[in-house]
Amino acid sequence: METAEIRRRFLTFFESQGHTVVPSAPLPAIEDPNLLFINAGMVQFVPYFTGQATPPWDRATSVQKCIRTPDIEEVGKTSRHGTFFQMNGNFSFGDYFKEQAIKHAWNLSTRPVSDGGFGLDPERIWATVYLDDEESIDIWHRIIGLPMDRIVRRGKADNMWSMGIPGPCGPCSELFYDRGPAFGRDGGPEVDEDRYLEFWNLVFMEWLRGEGSTKTDYEILGDLPKKNIDTGMGLERMAVLLQGVDNMYEIDQIRPLIDKTAELTGKRYGVSTSQEAAQSHPDDVRFRVVADHVRSSLMLIGDGVVPSNEGRGYVLRRIMRRAIRAIRLLGYDKPAMPELFPVARDLMSSSYPELESDFERISSYAYAEEESFLKTLKHGTSILDSAVAETKKSGGRTLAGNKAFELHDTYGFPIDLTLEMASEQGLSVDEEGFRTLMSEQRARAKADAQARKTGHVDMSVYWKMLEEHGPSNWLAYETLDTESKVLSILSQGTSVPVATAGQIVEVVLDSTPFYAESGGQHADAGILRGPNVSAEVLDVQRPVKGLVVHKVRVLEGELALSEGVQAHVDPEWRLGARQAHSGTHVVHAALREVLGPSALQSGSFNRPGYLRLDFSWRGKLSDETKSEVEEVSNLAIRRDLPVTVDYMTMPEAKQRGAIALFGETYDETVRVVEIGGPWSSELCGGTHVGHSSQIGSVVVTGESSVGSGQRRVEAVTGIEAYQYLARERDLVNQIASELGAQRGDITERIGALLKRAKDAEREVAQMRQQQMGAKASEYAHQARQIGAVKVAAITAPDGTKGGDARQLATQIRSALPDTEPGVAAVAATNGGKASLVVTTNEAARGRHLSAQGLVKAALSGRGGGNDDTAQGGGVPAEQAPALLEAIVAEIGR
Ligand code: SER
């Protein structure tokens with residue numbers, strides 16, 4: 001059965017059992033500051049389990065995209081670990097509990113394929129339960145009929161499930177399937193988890209867990225308000241069972257990537273089919289790493305993650321680099337992503353169509369990342385080569401651990417690559433030293449993360465407010481002024497009854513006209529005013545959906561709970577904000593008109609008077625392109641296009657070609673902002689002008705790179721655009737008056753001035769040459785006779801540069817008679833240091849006088865050059881005369 005079909009059957013089954021189908025949340029766990037990625041199906045439902053929010057339904061089902069990377073080193077070595085996987089889940093929020101959850105899982109698993117089920121053999125299913133969960137044992141045995149010898153009790157590490165962080169948790173019961181003796185030893189999941197493959201986990205979410213660092217070391221803080229169900233059926237694992245393949249890398253959604261890799265590398269996958277050998281054969285592991293990681297990278301970039309050096313972007317980078325390295329170790333040294341990404345897209349796009357439509361953007365990140373990593377590899381390789389050479393030179397056979405660490409840390413060189421490459425050159429690597437350094441670094445990183453974590457605001461206070469007061473009545477689209485009531489005041493995360501002058505606090509109002517920062521638009525500025533208080537609004541955020549929180553500074557008086565205040569948005573500010581936000585849409589549309597539709601926005605920011613927009617594009621924009629974008633933008637402004645706002649469903653919006661941002665979650669009804677009908681059509685919650693002409697104008701002020709494949713344009717809008725141009729005009733006027741020229745003539749005038757300056761420089765240089773020539777013949781006349789050799793030993797004036805000293809020495813040599821041996825030595829002092837240039841003529845060299853030999857004699861072996869001309873230096877300036885004396889002495893020897 002195909003993976004897509006398993007997914008479909010799962011959702012259909014639970015929908016028929018009264019569950020609402022909820023779409024997967026995007027992979028980045030934006031709502032939870034403690035998680036990088038969604039790592040389980042239940043993450044988007046956490047507030048419902050903890051009771052912080054009321055679920056809109058009692059039962060839900062979903063297929064959630066997940067990323068788990070703690071086991072990344074295990075990928076490919078066992079059959080069970082993948083970095084990306086899909087979790088099919090059914091959830092009950094205080095509705096059904098253990099019995100129904102177990103029955104559902106059993107029914108769907110064992111129901112015949114012809115009847116919409118998965119058709120698993122009931123005789124081969126095992127169940128585990130948490131230690132003393134007699135209730136579940138009873139259900140499994142009495143109601144389902146599972147024999148007691150296939151019900152296994154397991155401890156906290158296996159059968160107590162939590163997200164690994166404080167939050168909801170509970171005992172669980174897992175379903176395993178016996179794949180038969182070919183897959184391992186007899187005896188149930190306790191004995192062999194490869195043969196007995198876990199495919200479904202039923203979590204009975206009833207408790208709240210506290211802090212703790214391992215799977216077992218945490219406390220249960222108490223009961224959740226209700227008893228809930230969270231189940232997870234690994235989609236890939238079910239596919240392994242139903243497709244009869246050995247491991248998750250061989251299912252229909254992944255295997256073609258292995259085959260493509262085999263085709264590219266000419267290597268064979270599945271070198272040995274016996275479990276033992278397959279686990280240990282490095283090539284097979286590499287095939288699986290490539291397949292798994294390419295798929296994960298595709299899904300991550302698809303959800304808006306881009307490679308970078310921190311946070312989510314770093315996880316992606318690490319995954320991509322492991323894939324690129326693995327395929328190189330298989331012997332392929334060309335860019336592989338352009339070959340593999342399209343394969344991954346074709347495998348996944350039936351479940352995730354956006355991968356197809358957004359492929360150009362996705363692949364451009366992937367290809368750029370590979371390109372830059374291949375450069376890193378090249379650089380790292382030369383560092384490794386020289387470290388290897390050094391080690392060999394000193395007679396060593398082991399590459400130092402700190403070298404391996406440096407390669408890893410600075411050049412992103414994975415240790416197994418270092419091992420492999422060192423061994424090709426006959427060296428081993430001090431792995432222990434390397435690991436010590438790595439674990440020290442890890443400890444530092446962990447300490448950092450811990451420190452950051454404690455700095456996090458506890459989101460539960462906002463959930464509580466939302467629960468208590470309901471969503472804020474948000475009127476930013478309708479008005480700039482409201483009569484509001486103060487519902488909550490928070491000072492450093494705690495509720496307070498009043499705030500006094502000078503204090504900065506967070507305030508929740510029953511209704512508010514303030515725009516909370518979102519979609520790139522800066523929060524509104526303004527003021528809260530009451531009979532006893534005025535407070536300046538510094539920032540406005542929406543920490544949880546529906547709740548608008550104002551950060552204010554109390555200017556005078558006292559801000560008190562339950563008091564009435566006038567909430568007043570600064571109208572000038574809002575006008576500027578509307579101009580800048582509409583300006584951003586106009587520039588985006590202009591970019592796409594000029595560069596083509598692949599120039600898609602990846603991020604933006606705007607505040608009154610200013611906007612910036614990041615978009616996918618390789619390479620710098622030329623000045624002409626920038627001007628064109630600016631011109632198209634301003635023509636659109638001049639056409640006075642209507643700006644319209646419509647609400648519709650997501651499919652309707654897509655049909656209209658509205659641009660959505662990736663990695664954003666959208667509600668069922670979306671807001672589409674259009675400027676000039678289809679010319680600019682975007683999903684957007686921002687505030688906008690009514691007609692494009694109200695933007696005033698757009699002036700592009702900058703264009704730069706923000707990471708590979710990403711450019712940024714910056715522009716000013718509205719009155720700021722005028723002010724910017726006025727400043728430029730004043731500057732031109734100032735230059736014109738300095739030059740005493742008409743504005744129209746200034747470029748010509750500057751050209752003429754530059755030419756005059758250049759001519760003057762040339763003249764000065766010529767004069768210096770002449771002077772030097774005259775000096776040179778003077779010096780040549782003063783040459784001393786040392787034996788048969790004429791020696792001109794000169795101290796040049798202080799401040800003479802190296803190039804001039806050299807020229808002087810050459811000119812003196814030409815002025816010496818060429819019939820007899822001649823040497824010119826010039827010592828120059830500059831910045832407290834002395835340098836020396838020596839030249840010899842042919843007759844001198846005939847007598848074995850070498851310029852290089854003389855310089856080395858004077859500078860105790862230092863200096864460089866050849867027999868004809870040589871130089872050296874770096875000694876204190878006072879030594880200049882001694883250098884010349886040393887030359888003379890050497891010639892006289
Ligand atoms: N949350 C549980 C898991 O991820 C069940 O969905 O295994």
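This is a predicted model, so every value here is computed, not measured. Read the numbers this way: they start at 1 and go in the same order the structure lists the ligands and their atoms.
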Sorted by chain and residue number, the salt bridge (Lys or Arg N to Asp or Glu O under 4.0 Å) partners of Glu468 (sequence neighbours excluded) come out as none
Criterion ring pair (Phe, Tyr, Trp, His ring centres under 6.0 Å) on Trp200 and Phe10, from CA distance to verdict: CA-CA 12 Å; Trp200 206 330; Phe10 187 93; 5.6 Å; yes
query = Just by distance, do the side chain of Asn159 and the backbone of Cys172 share a donor-acceptor pair under 3.5 Å?
reply = yes
The complete set of side-chain hydrogen bond (donor to acceptor under 3.5 Å, both in side chains) pairs with one or both residues in residues 82-95, sequence neighbours excluded, reads Arg59-Asp95, Thr83-Asp292, Thr83-Ser296, Gln86-Glu236, Gln86-Gln253, Gln86-Tyr352, Asn90-Tyr96, Asn90-Thr231
Which atom pairs, donor and acceptor, lie under 3.5 Å between side-chain atoms of residues 110-117 and protein residues at least two apart or in another chain?
residue : atom : partner : partner atom : Å
Thr110  : OG1  : Trp106  : O            : 2.7

Indicate yes or no for a side-chain donor-acceptor contact from Ser173 to the backbone of Val129 under 3.5 Å, with no hydrogens or angles considered. no
Are there any protein N or O atoms under 3.5 Å from the N or O atoms of ligand 1? List them with distances, or say none.
residue  : atom  : partner : partner atom : Å
ligand 1 : 1 (N) : Asp230  : OD2          : 2.7
ligand 1 : 4 (O) : Arg68   : NH2          : 3.3
ligand 1 : 6 (O) : Asp230  : OD1          : 2.7
ligand 1 : 6 (O) : Thr231  : O            : 3.2
ligand 1 : 6 (O) : Gly232  : N            : 3.0
ligand 1 : 7 (O) : Trp161  : NE1          : 3.4
ligand 1 : 7 (O) : Asn201  : ND2          : 3.1

